[in-house]
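Chain letters run A, B, ... following the sequence lines, proteins first, then strands; residues in each count from 1.
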Number of protein chains: 2
Amino acid sequence: MSVAPKYDVFQAIADPTRRKLLQILSKKEMPIAEISKYFPMSRTAISKHLFILSEAHLVKAEKKGREKRFTLHVEPLMELTDWLSYFDQFWDNKLDKLKYLVEKKED
Amino acid sequence: MSVAPKYDVFQAIADPTRRKLLQILSKKEMPIAEISKYFPMSRTAISKHLFILSEAHLVKAEKKGREKRFTLHVEPLMELTDWLSYFDQFWDNKLDKLKYLVEKKED
DNA sequence: ATTATATACAACCATTTGGTTTACAGTCAA
DNA sequence: TTGACTGTAAACCAAATGGTTGTATATAAT
């Protein structure tokens, strides 16, 4: 029986360090030591954040020699997309959201 | 000078009670006492959650007599949409996400 | 064989979070 | 005017969160 994961996607992305981790892993897969160089905290702290991200299935780890390489997995973000889509109907002017997005793209 | 709000959107939606609050307020505006009926906790607790949501600008309050009516404001959710859109490029098969969404719609 | 590197694990800590209860102040209704 | 109702504020609490340091183990390099 699979244990209900302690951390869901909403919690996982609530922390700015973890969001930065996802950004960094989106560039390439990396072991913890390399990842840690991007952060002003210990490898242990990073390791814990990666654990939380893997509980939410946003990253997967693979042991390679003494390293443990982490890769990004975006699929669970779909839950967020779903959740957000419900609120599309509540934009005052239905075109507002689209306009906003188009303006962003032009930057 | 505007003080940086303590709670951002990511934190605000991390809590399931607060997500439910947004859902409920999407149906109609409501005062705290009425909102509280939907939750197994005190008005005080709900009041605190609503404070956090208003810090993140996801709800706005208006005093009406002795009541304080809360309304949903979806605009800050755009930050989430933005953040999510960055990860669109990391679906293994670019069509996977679209397929997933279409299947959802058919339910 | 020795040393350095990569990670894991445990213990610990301060702060934040999510809730409670109690008391209070404003507003409405009888 | 008395009483009920609405919301806020303060004090308190247990548990979770985000970090630390120290130690241990496995792997790699010299």
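One interatomic measurement links the two molecules: CZ of B/Arg18 to P of C/dG19, which rounds to 8 Å at whole-angstrom precision. One interatomic measurement links the two molecules: CZ of B/Phe39 to P of C/dT20, which rounds to 12 Å at whole-angstrom precision. Taking atom CE of B/Met41 as the reference point, atom C1' of C/dT17 lies 12 Å away to the nearest angstrom. The interatomic distance linking B/Phe51 (CZ) with C/dT17 (P) rounds to 12 Å, in whole Å. The distance from atom CD of A/Glu67 to atom C1' of D/dT25 is 16 Å, rounded to the nearest whole Å. As a whole-Å value, the separation of B/Ile46 CD1 from C/dG18 P is 12 Å. Atom CG of B/Leu50 is separated from atom C1' of D/dT6 by 14 Å (rounded to the nearest Å). With rounding to whole Å, A/Glu55 atom CD is found 14 Å from D/dG18 atom P.
Rounding to the nearest 0.5 Å gives a distance of 10.5 Å between CG of B/Leu25 and CG of B/Leu58. To the nearest 0.5 angstrom, A/His49 atom NE2 is 11.5 Å from A/Leu22 atom CG.
Of the residues near DNA chain D, A/Gly65 and A/Ala14, the one whose nearest nucleotide (by heavy atom distance) lies more toward the 5' end is A/Ala14. Take the nearest nucleotide of DNA chain D for B/Phe70 and for A/Asp15: the residue whose nucleotide is more 5' is B/Phe70.
Among the heavy atoms of the strands lying under 4.0 Å from A/Ser42 is at least one base atom, whether or not backbone atoms are also near. Within the nucleic acid shown, B/Thr44 comes within 4.0 Å of at least one base atom, counting heavy atoms only. Contact annotation for A/Lys63: no contact, since no heavy-atom pair falls under 4.0 Å across all strands.
Contact check, B/Gln11 against C/dT16: no side-chain N or O comes under 4.0 Å of OP1 or OP2. The side chain of A/His49 places an N or O atom within less than 4.0 Å of a non-bridging phosphate oxygen (OP1 or OP2) of D/dG19. Checking the phosphate oxygens (OP1, OP2) of C/dT7, no side-chain nitrogen or oxygen of A/Ser47 falls inside 4.0 Å.
For B/Arg43, taking side-chain heavy atoms from C-beta onward, the closest of the listed nucleotides C/dA8, D/dT6, C/dG18 is D/dT6. If you check C/dA8, D/dT17, D/dT8 against the side chain of A/Tyr7, the one that comes closest is D/dT17. Residue B/Ile52 has its side chain nearest to C/dG18 when only C/dG18, C/dG19, D/dG7 are considered. Listed candidates were C/dT22, D/dG7, D/dT20. Nearest to the side chain of B/Ala33 is D/dG7.
When side chains are defined from C-beta on, A/Met78 counts as touching A/Thr81, because their heavy atoms get closer than 4.5 Å. With contacts defined as side-chain heavy-atom distances shorter than 4.5 Å, the pair B/Gln23/A/Phe87 qualifies.
The residues A/Glu34 and A/Lys28 are annotated as salt-bridged, a charged nitrogen and a carboxylate oxygen being separated by less than 4.0 angstrom.
Scanning atom types as modelled, one donor and one acceptor separated by under 3.5 angstrom connect the side chain of A/Arg66 and the base of C/dT5. Put simply, the side chain of B/Lys48 and the base of C/dT20 share a donor and an acceptor less than 3.5 Å apart.
In this structure, A/Lys20 forms no cation-pi arrangement with A/Tyr38, as its terminal cationic atom is not both closer than 6.0 Å to the ring centre and no more than 45° off the ring axis.
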